[in-house]
Chemist: 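Structure below; questions to follow.
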Amino acid sequence: GENVEQHPSTLSVQEGDSAVIKCTYSDSASNYFPWYKQELGKRPQLIIDIRSNVGEKKDQRIAVTLNKTAKHFSLHITETQPEDSAVYFCAASVSYGKLTFGQGTILTVHP
Amino acid sequence: GAVVSQHPSRVICKSGTSVKIECRSLDFQATTMFWYRQFPKKSLMLMATSNEGSKATYEQGVEKDKFLINHASLTLSTLTVTSAHPEDSSFYICSAFPADGSRMEQYFGPGTRLTVT
């Protein structure tokens, strides 16, 4: 089955800096890669996603890149703000199938 | 956007009792729903895939007789934790796919915090 590895497990940045979180996946059939932000006790919130036919996608301060050959994808957050502090999860799935999540990254943005 | 609800949001039960958690898609039909479990400070782990009108598909290591899943309609899936024990205490989250297959995105419920005493 699919295995998703996520790094780093914790990330601390100063407000205004950029944050990068990286994930690798094992199943070459995976074609959908969402990123979620989860606050304590809340549901995961989709912040951006990318499909395998695209190499990069951007939405304001958030961008995701995908390297299908290397089987890795990354989340980039620019101009970080304290409200960006949360746990971030990457995930991978095949079409409309089940999601396999990474281990999560605790992002802390210091004012 | 699509809305998924869960009920109850929190439940405390005694060891040995059973607890039912409901997952509803409020404004769309879902042929497939997923049930996840999340321990504190851990990731979401898929427990099972719930298919409307058929038996659920359980992930390896998940006891199907302990975690009963029923998906009787296109808007409702239920997870029953039978003979609950303290180690079953966790955050249970469901997600749903629109049945029309228009999107790859799963819509998550708000989660149910189960505490077994």
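Letters go in sequence order (proteins before strands), and every chain restarts at 1.
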Chemist: If hydrophobic clusters are built from ILVMFWY residues whose side chains come within less than 4.5 Å, do A/I48 and A/L11 share one?
Modeler: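 Yes.
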Chemist: Could you check which of A/P44, A/P34, A/G102 has the highest count of heavy-atom pairs closer than 4.5 Å to chain B?
Modeler: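 Of A/P44, A/P34, A/G102, A/P44 has the most heavy-atom pairs under 4.5 Å with chain B.
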Chemist: Got a salt bridge between B/R24 and B/E22, using NZ or NE/NH1/NH2 to carboxylate O under 4.0 Å?
Modeler: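 Looking at B/E22 together with B/R24, the answer is yes, because their closest N to O distance falls below 4.0 Å.
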Chemist: Among A/Q38, A/Q45, A/Q6, which residue forms the greatest number of heavy-atom pairs with chain B at distances under 4.5 Å?
Modeler: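 When all of A/Q38, A/Q45, A/Q6 are compared, A/Q38 has the most.
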Chemist: Report which part of A/L40 has an atom under 4.5 Å of a heavy atom belonging to chain B: side chain, backbone, both, or neither.
Modeler: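 For A/L40, there is no contact with chain B at all, as no heavy atom is under 4.5 Å.
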Chemist: Is there a side-chain contact between A/L99 and B/L46, using heavy atoms and a 4.5 Å cut-off?
Modeler: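 No, every pair of side-chain atoms sits at 4.5 Å or beyond.
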Chemist: So what's closer than 4.5 Å to chain A heavy atoms on B/E105: side chain, backbone, both or neither?
Modeler: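 Both parts, backbone and side chain.
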Chemist: At a 4.5 Å cut-off on heavy atoms, which part of A/F89 comes close to chain B: side chain, backbone, both, or neither?
Modeler: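 Just the side chain, heavy atoms under 4.5 Å.
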Chemist: Are A/L46 and A/V87 joined in one hydrophobic group, where the rule is that I, L, V, M, F, W and Y side chains link up if heavy atoms are under 4.5 Å apart?
Modeler: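 Same hydrophobic cluster.
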Chemist: Report yes if some heavy atom in the side chain of B/V81 is under 4.5 Å from a heavy atom in the side chain of B/F67; otherwise report no.
Modeler: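 Yes. Closest side-chain heavy atoms under 4.5 Å.
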Chemist: Between B/K42 and chain A, with a heavy-atom cut-off of 4.5 Å, which part of the residue counts as in contact: side chain, backbone, both or neither?
Modeler: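 Interface part for B/K42: backbone (N, CA, C, O).
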Chemist: Could you tell me whether the side chain of A/T108 and the main chain of A/S12 form a donor-acceptor pair under 3.5 Å?
Modeler: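 Side chain of A/T108 to backbone of A/S12, a donor-acceptor pair under 3.5 Å: no, none is there.
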Chemist: Please state whether the side chain, the backbone, both or neither of B/F91 comes within less than 4.5 Å of a heavy atom of chain A.
Modeler: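 Side chain only.
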Chemist: Does B/L44 form a side chain to side chain contact (heavy atoms under 4.5 Å, CB included) with B/F108? I'd like the steps, not just the answer.
Modeler: CA-CA 12 Å; B/L44 286 80; B/F108 284 88; 4.0 Å; yes
Chemist: Given a strict heavy-atom distance threshold of 4.5 Å, which part of B/E59 is in contact with chain A: side chain, backbone, both, or neither?
Modeler: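 Contact with chain A is through the side chain of B/E59 alone.
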Chemist: Does any heavy atom of chain A fall under 4.5 Å from the side chain of B/I93, the backbone, both, or neither of them?
Modeler: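 For B/I93, side-chain heavy atoms alone lie under 4.5 Å from chain A.
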